[in-house]
Every structure is written in structure tokens, then in C-alpha cells.
Amino acid sequence: MKILLVEDDPTIAAGLDYSLKSEGYETCVCSTFADARRAITDESFDLLLLDVTLPDGSGFDLCRLARQKSSAPVIFLTACDEEVSVVMGLDMGADDYVTKPFRVRELLSRIRTVLRRAAGNAAVPGVLERCGLTVNLAQAKVTKNGSEIILTALEYRLLLALLNHEGQTLTRNQLLEEIWDVAGDFVNDNTLTVYVKRLRDKIEDDPQNPKIIHTIRGLGYRVGHD
């Protein structure tokens, strides 16, 4: 597995490079937008770790460039105050993001999860299959046991936000940023609770005993197991 690591902080880059190689990954480390652009153009990677803010460009632009060439997973490395803007990156097709400062073990776990998902979805491009649900991304169509589930735009976006972070607890604020102002609708904390309930009513076998969307008290929601 070959990973492109784009990080302009030499200390962080060196530590991640060492940890990734210790896990058996082959790495290509770039500290600038220009170097990363050349690497993306000239080489093939199984996964990209992209710092959002670079001295000569943006990780978002690198993500756009990478998406033109391949469907390799992308994980953003972001500063705390960039968390809101990362929603834009996820909309571009990024698979996950990790906020600095982060624990290397957490990042490695995220990498393994994203790579497993990519391998599982490779056979059927444009189709997401998780938790007993099948999502046709091109048609924005959700089915369960062969039957279509009719969702509103907000419900669909909420479901994608949860499924794309399977196994990860998303705070209410993170989910609000994911579904904010879709189709001109105003979304606040109370509205989110309503939409989670509506979504459970549609996708759960027993909405009163949910097996897909779990409430993590005091934190938020999670899809998948511990």
C-alpha cells in the first residue's frame, strides 16, 4: 500500500512517515502544493493524507486534482479552527478528516478503516453498502432488503454523513455542519433530533431499539459497532 503524505510541518511529517513505514506502508512525503501536485500527476497511490493549509496552496485543490485521476481515499489533516471548512472537502469526495493535534494510533485506525471501505466498494463503483443498506450515489437512491426507502434531501445527507464515518462518533455540531441549509432548510440542534428520529423510523427494523444509528450520550451519534 502506497500513501501520499502532504504535510508542511517537518516534525509532524517525520513522525507520521516513521509510523506509516513501521506499519508496512510505502510513503511519499511532500511539504508543498507544487511537489504534491507533481506526485499526484506522476504516481499512483492507495490513499492520500492531505494537510488542508499549505504554504503555496490548498489541500482542497489537491483533493480535486486527485479525484480527476483516481478514486483513492483521501483523509484531510486539519487544524481545529479549520473543522467547519472541512465539510467542503468531504463534499468533494474526501473520505475522512482528523483534527490536529491527533494521536497517531487514531490516525492509523482511520487509515485502516478507510482502506477497508475502499476495498469493499471497489467492485461496485458508485454504490455504498453498509449496515444492511445499499446507497446508489449516482441516483441518490437508498434500498434495504431490495425495497427503496424514500428520504428527503436532509435525511439522505444525514444518512450519508453517518455511513461515511462508520464506527466514528460524530458530534451534533459535526452533523449540523454536514447537513446545514440543504434545500434551503434551516437546521438547528432541535431540528437535528427530529431528523434523526425520522431517519430511524425509515431505516430501522425497530426504531425504538435502533441497530444502525446509535445515540452516544453526551456526544452525538454513531453508525456501526464499537
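The environment of NZ in K197 is sparse: at most 12 heavy-atom neighbours from other residues, nucleotides or ligands sit within 6.0 Å. A 6.0 Å sphere centred on NZ of K144 holds more than 12 heavy atoms belonging to other residues, nucleotides or ligands.
One N or O on the side chain of E204 and one on the backbone of I213 form a donor-acceptor pair closer than 3.5 Å. For the pair K2 (side chain) and S44 (backbone), a donor-acceptor distance under 3.5 Å is absent. Of the possible donor and acceptor atoms, none in the side chain of K141 sits under 3.5 Å from a partner among the backbone N and O of E148.
Residues H165 and Q174 have side chains not in contact (no heavy-atom distance under 4.5 Å, counting atoms from C-beta outward). With contacts defined as side-chain heavy-atom distances shorter than 4.5 Å, the pair L16/F102 qualifies. Residues L160 and L137 have side chains in contact (heavy-atom distance under 4.5 Å, counting atoms from C-beta outward).
In terms of heavy atoms, I150 sits closest to K202 at O-NZ, 3.0 Å.
In this structure, D201 does not pair ionically with R198, as no charged nitrogen and carboxylate oxygen lie closer than 4.0 Å. D95 has a carboxylate O that lies under 4.0 Å from a charged side-chain N of R67, or vice versa, which qualifies the two as a salt bridge. By the 4.0 Å N-to-carboxylate-O rule, D51 lies close enough to K100 to be salt-bridged with it.
In the model, R105 has no side-chain atom that pairs as donor or acceptor with a side-chain atom of S19 under 3.5 Å.
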Apply side-chain contact (heavy atoms from CB on, under 4.5 Å) to T27 and L5, showing your working. CA-CA 7 Å; T27 61; L5 169 60; 5.6 Å; no
